[in-house]
Amino acid sequence: MASLGRPLVIGHRGTPTIALENTRESFRRAIAGGADAVETDVHVTADGHVVCLHDDNLLRVAGVAASIGQLRFEEARAHLPALLRFSDFLDITRGFPVIVDVKHATAADLDAFIPVVIKRDALSRSLFSAYTPDIARLIRQRSSEAAIGTFFPEGGDCLDSARKLGASFIRVLPHDHTAQKIASIRDAGFGTIAVAAPLSSFKTASDRGALRQIAELQIDSVITDTPELAAAVYRSFS
């Protein structure tokens, strides 16, 4: 990534400002708009299908207060026709880097997620985002080759545990956005991914000012709701 001379642009759930998040169209638009990679979230339906969905229910995206884990795939897709199977996501992004956000996955969830990636021959282009060291450990137990990204928590240093787990990236939040912290992560041999804008704990870097701040901090990559804008901003950095 350093050879790019600017942060890697990761489409957050595709390009949600243009198309419904985590859908075929959202990922297509992100890739066409200049993203270097795309990020998705995964859950499992009642009948064992792994799907691309951020929440564990359909309320926000489909207006239906139903848990995805209690619905069969076809039932869920009746409420959300654009619901995408994870296997189809891997097919349509073939050859393209992807971030797989497993949220608070259980061992059983990971037993569903990881085999799909392996079966689609996508392990070498996938980075699993683990919210906790325990989840990272479960991922590592299931694959010695999986690329793992973990968080750098406020007030704590996860670098030792990340090193022991063989993680390659640290997901940095706004309280980590200091030159000293970014340098300490880089010096330890990890890549960095900005998951929020500077001074914000909830919104991705999706405006010119925030995107430039990420670049000035020398963060390696940025998850953004506006990959087209990020690609345009960073053209001058290449």
Side-chain angles (χ1 to χ4, degrees), residues 10-14 16 20-23 26-27 30 37-62 64-71 73 76 80 82-90 93 97-118 120 122-123 126-143 146-154 156 158 161-162 165 167-174 176 193-196 200-204 221-225:
I10 304 168
H12 184 228
R13 311 175 204 169
L20 181 63
E21 65 184 48
N22 280 324
T23 62
S26 189
F27 296 123
V38 289
E39 180 258 9
T40 192
D41 316 273
V42 283
H43 289 283
V44 184
T45 65
D47 52 346
H49 288 270
V50 183
V51 295
C52 297
L53 191 70
H54 179 271
D55 305 344
D56 61 4
N57 62 75
L58 298 177
L59 183 60
R60 183 174 57 85
V61 292
V64 178
S67 169
I68 191 67
Q70 296 177 346
L71 294 172
F73 176 72
L80 182 62
L83 182 65
L84 187 65
R85 287 187 181 91
F86 183 46
S87 57
D88 292 333
F89 164 79
L90 292 173
T93 60
V98 298
I99 313 294
V100 184
D101 195 334
V102 300
K103 301 298 179 197
H104 300 285
T106 64
D109 290 333
L110 294 171
D111 284 337
F113 302 158
I114 294 175
V116 176
V117 176
I118 295 172
R120 285 301 194 278
L123 197 59
S126 300
L127 175 71
F128 292 92
S129 179
Y131 275 37
T132 68
D134 286 341
I135 294 173
R137 194 169 295 107
L138 289 172
I139 294 171
R140 180 59 68 225
Q141 289 170 356
R142 283 153 180 77
S143 173
I148 299 173
T150 64
F151 277 98
F152 187 86
E154 184 174 13
C158 73
S161 62
L165 290 165
S168 52
F169 282 86
I170 305 296
R171 291 163 59 102
V172 293
L173 292 168
D176 308 316
I193 301 175
V195 297
S200 169
S201 61
F202 58 90
K203 186 179 184 299
T204 69
S221 48
V222 56
I223 293 178
T224 176
D225 287 345

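Start at 1 with the first residue, then count along the sequence. Values below: all heavy atoms of this structure, side chains included; hydrogens, waters and symmetry mates excluded.
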> If the condition is side chain to side chain donor-acceptor pair (under 3.5 Å), which residues does Arg140 pass it with, not counting sequence neighbours?
none
> Just verifying a value: how many Å separate Ile99 CD1 and Asp41 CG, rounded to the nearest 0.5 Å?
11.5 Å
> Check whether any side-chain heavy atom of Ile139 lies under 4.5 Å from a side-chain heavy atom of Ile114, and answer yes or no.
yes
> Does Ser168 reach the main-chain N or O of Ala147 with its side chain, forming a donor-acceptor pair under 3.5 Å?
no
> Got Leu127 and Ile193 here, is their nearest side-chain heavy-atom distance under 4.5 Å?
yes
> Show, in sequence, the C-alpha distance, side-chain angles and deciding distance for Asp101 and Val42, and conclude whether the side chain to side chain contact (heavy atoms under 4.5 Å, CB included) test is met.
CA-CA 7 Å; Asp101 195 334; Val42 283; over 6 Å; no
> If you compare all heavy atoms of Tyr131 against all heavy atoms of Phe151, which two are closest, and at what distance to 0.1 Å?
CD1-CE1, 3.7 Å
> Determine whether the aromatic ring centres of residues Phe89 and Phe27 are separated by less than 6.0 angstrom.
yes
> Find out whether Thr45 and Leu71 are in side-chain contact, i.e. whether some heavy atom of one side chain is under 4.5 Å from a heavy atom of the other.
no
> Does the side chain of Phe128 come within less than 4.5 Å of Leu123's, by heavy atoms?
yes
> So, for Ala122 and Leu90, which heavy atoms are closest and what is the spacing to 0.1 Å?
CB-CD2, 4.1 Å
> CD of Gln70: more than 12 outside heavy atoms within 6.0 angstrom?
no
> Are the side chains of Lys103 and Asp109 in contact, using a 4.5 Å heavy-atom criterion?
no
> Using the side chain to side chain contact (heavy atoms under 4.5 Å, CB included) rule, pick out the option among Ile68, Leu20, Val64, Thr23 that qualifies with Leu80.
Leu20
> On a heavy-atom basis, which atom in Glu21 and which in Pro16 lie closest, and how many Å separate them?
CB-CB, 4.0 Å
> My understanding is that only residues two or more places apart in sequence, or in another chain, count here; which of them pass side chain to side chain contact (heavy atoms under 4.5 Å, CB included) with Thr132?
Asp134, Ile135
> With a 4.5 Å cut-off on side-chain heavy atoms, are Glu39 and Val195 touching?
no
> Looking at OG1 of Thr224 and NZ of Lys203, how far apart are the two atoms once the value is rounded to the nearest 0.5 Å?
7.5 Å
> Would you name the heavy atoms of Leu58 and Ala76 that are closest together and state the gap between them?
CD1-O, 4.0 Å
> Start with the C-alpha distance between Val100 and Phe113, add both sets of side-chain angles, then the distance that settles side chain to side chain contact (heavy atoms under 4.5 Å, CB included), and finish with yes or no.
CA-CA 9 Å; Val100 184; Phe113 302 158; 5.7 Å; no
> Can you name the closest pair of heavy atoms from Val38 and Ala30 and give their distance?
CG1-CB, 3.9 Å
> Could you report the tightest heavy-atom contact between Leu53 and Leu83, atom names first, then the distance?
CD1-CD1, 4.4 Å
> Name all residues meeting the ring pair (Phe, Tyr, Trp, His ring centres under 6.0 Å) criterion together with Phe73; count only those two or more places apart in sequence or in a different chain, and write none if there are none.
His49
